[in-house]
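Written below as structure tokens is the structure these notes are about.
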Amino acid sequence: MALRIFETDPDAKPKQRVSFADDFVGRFRSGRMVGTGRQARPESLNEWRVTTGDPVVAAKVAELFGGTPGSWDTDSEDSTEILTEAPSVPVIIDSADALTSDMRLYGAMGGEPIHWCDGMYFLDEDQKGQPCGCPELLVDRKALAKSGRGPKPAIVLVFRLADAPDLGKFRFRTGSWDLAKVEHEVKNALDEVGAPARSRLTLEPVEFIAKNGPMKGKTVSYTKPVIKVLGAYEPAVPVAEADDPWAALPDAA
């Protein structure tokens, strides 16, 4: 006999969790959290960090890009991480639809976004199509997001590894304003290819002297994600035995 507590309150029934492995074999990450508790802070990385729940995927990523698979503190299924030695990796992007974006603001407890829009209109079901009230100027959008009172970009790229396309699909998520500025250019380039595209996913170093704020006069450095579309992807065609000139020769006695 099963509990029937949700028959009278179906909205309270937890949504069925989709397994990480059902959709993606791993995630590429451009940073990590260091420290614990109140001392925890984000750290920008110069080389890609990959997380996965599949030991076969972990071993292949380490073989291709360096690093050693190891565990990290997480409750998610991608419990193995590889700190690779690669700042840039060749990838295959199936189409412009593999690059998606919106604007999101999450509350202190995480979970669902408390503000979800496309920069002009709300996207959530309750307010979809209504003006979101975000500032018009990019500088004001960034300032509001930095203060924790406004949304920031939520960009997702789905891709395969050019050196191991059959391994499965990976995902990269970022809130990079640098990528948000040129996302339309990347999508246009993918549309021009009109087919799976050879591309490179790179962590590019950025350094500048802060002109104001608490870091005024100090050097600020970080890495920004860059997506470069190179052209159409042409999968390698294995040579059939019938096409092998040696196949017709008799075995040596």
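Numbers here simply count residues along the sequence, with the first being 1. No experiment lies behind these values; they were computed from the predicted model shown.
Between Thr52 and Val61, the closest side-chain pair of non-hydrogen atoms is not below 4.5 Å. Proximity of Leu83 to Arg32: side-chain heavy atoms (C-beta onward) are separated by under 4.5 Å at one or more points. Counting heavy atoms from C-beta on, the side chains of Glu81 and Thr74 never come closer than 4.5 Å. Contact annotation: the side chain of Val229 approaches that of Leu190 to within less than 4.5 Å [non-hydrogen atoms, C-beta and beyond]. Using a 4.5 Å heavy-atom threshold, the side chains of Ser199 and Val91 count as touching. Residues Val50 and Phe170 meet the side-chain proximity criterion, which asks for heavy atoms closer than 4.5 Å. Annotation: side chain of Tyr106 is in contact with side chain of Pro113 (closest heavy-atom distance under 4.5 Å).
Distance check: Asp73 CG to Ser79 OG gives 11.0 Å after rounding to the nearest 0.5 Å. Here CG of Asp140 is found 11.0 Å from SG of Cys134. Values are rounded to the nearest 0.5 Å. Separating the CD atom in Glu204 from the CG atom in Leu179 is a distance of 11.5 Å, to the nearest 0.5 Å. To the nearest 0.5 Å, atoms NZ (Lys228) and CD (Glu185) are separated by 13.0 Å. Distance check, rounded to the nearest 0.5 Å: CD of Glu47 to CD1 of Ile82 gives 14.5 Å. Expressed to the nearest 0.5 Å, how far CD of Glu183 lies from OG of Ser176 amounts to 11.0 Å.
Few gaps surround CE on Met33; more than 12 heavy atoms of other groups in view lie less than 6.0 Å from it.
Under a hydrophobic-cluster definition in which Ile, Leu, Val, Met, Phe, Trp and Tyr are linked whenever side-chain heavy atoms come within less than 4.5 Å, directly or via other members, Met103 and Leu138 are assigned to the same cluster. Cluster membership check: Leu99 shares its hydrophobic cluster with Val89, using side-chain heavy-atom separations under 4.5 Å among Ile, Leu, Val, Met, Phe, Trp and Tyr. Linking ILVMFWY residues whenever their side-chain heavy atoms come closer than 4.5 Å, directly or via other members, leaves Leu167 and Ile92 in distinct clusters. By the rule that hydrophobic residues join a cluster once side-chain heavy atoms approach within less than 4.5 Å of another member, Leu105 and Leu123 end up as members of separate clusters. No path of Ile, Leu, Val, Met, Phe, Trp and Tyr side chains, each step under 4.5 Å between heavy atoms, connects Leu201 with Tyr233, placing them in separate hydrophobic clusters.
When all heavy atoms of Phe28 and Phe172 are compared, the closest pair comes out as O-CD1, 3.2 Å. Taking every heavy atom of both residues into account, Thr51 and Arg29 meet most closely at OG1-NE, 3.0 Å. Closest heavy-atom contact between His115 and Cys117: NE2-SG, 3.3 Å. When every heavy atom of Ile93 is checked against every heavy atom of Ala98, the shortest pair comes out as CG2-CB, 3.8 Å. Here the closest non-hydrogen pair linking Leu203 and Ser30 is CD2-CB, 3.5 Å. The minimum heavy-atom distance between Arg200 and Leu230, with the atom names listed, is CG-CD1, 3.8 Å.
Side chain of Lys187 to backbone of Ala96: a donor-acceptor contact under 3.5 angstrom is found. A donor-acceptor pair under 3.5 Å is absent between the side-chain atoms of Trp48 and the main chain of Phe65, judged by distance alone. Remark: side-chain polar atoms of Thr80 are not paired, donor with acceptor, to backbone N or O of Pro69 under 3.5 angstrom. In terms of modelled atom types and a separation under 3.5 Å, the side chain of Arg141 and the main chain of Pro135 share a donor-acceptor contact.
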Scan the side chains in residues 218-226 for donor-acceptor partners under 3.5 Å anywhere in the protein, sequence neighbours excluded, and list what turns up.
{"unit_1": "Tyr222", "atom_1": "OH", "unit_2": "Asp178", "atom_2": "OD2", "d": "2.9"}
{"unit_1": "Thr223", "atom_1": "OG1", "unit_2": "Ser44", "atom_2": "OG", "d": "2.9"}
{"unit_1": "Thr223", "atom_1": "OG1", "unit_2": "Leu45", "atom_2": "O", "d": "2.8"}

List, one per line, each side-chain donor-acceptor pair under 3.5 Å for residues 142-163, sequence neighbours excluded.
{"unit_1": "Ser147", "atom_1": "OG", "unit_2": "Leu144", "atom_2": "O", "d": "2.7"}
{"unit_1": "Ser147", "atom_1": "OG", "unit_2": "Arg149", "atom_2": "N", "d": "3.4"}
{"unit_1": "Ser147", "atom_1": "OG", "unit_2": "Arg149", "atom_2": "NE", "d": "3.3"}
{"unit_1": "Arg160", "atom_1": "NH2", "unit_2": "Asp94", "atom_2": "OD1", "d": "2.7"}

Fill in: Ser76 vs Asp78, side-chain hydrogen bond (donor to acceptor under 3.5 Å, both in side chains): CA-CA, chis, key distance, verdict
CA-CA 6 Å; Ser76 63; Asp78 55 335; 2.4 Å; yes
Worksheet item: Are Glu63 and Lys60 close enough, and set up right, to give a salt bridge (Lys or Arg N to Asp or Glu O under 4.0 Å), and what steps lead you there?
Response: CA-CA 5 Å; Glu63 175 190 330; Lys60 188 62 178 180; 3.3 Å; yes
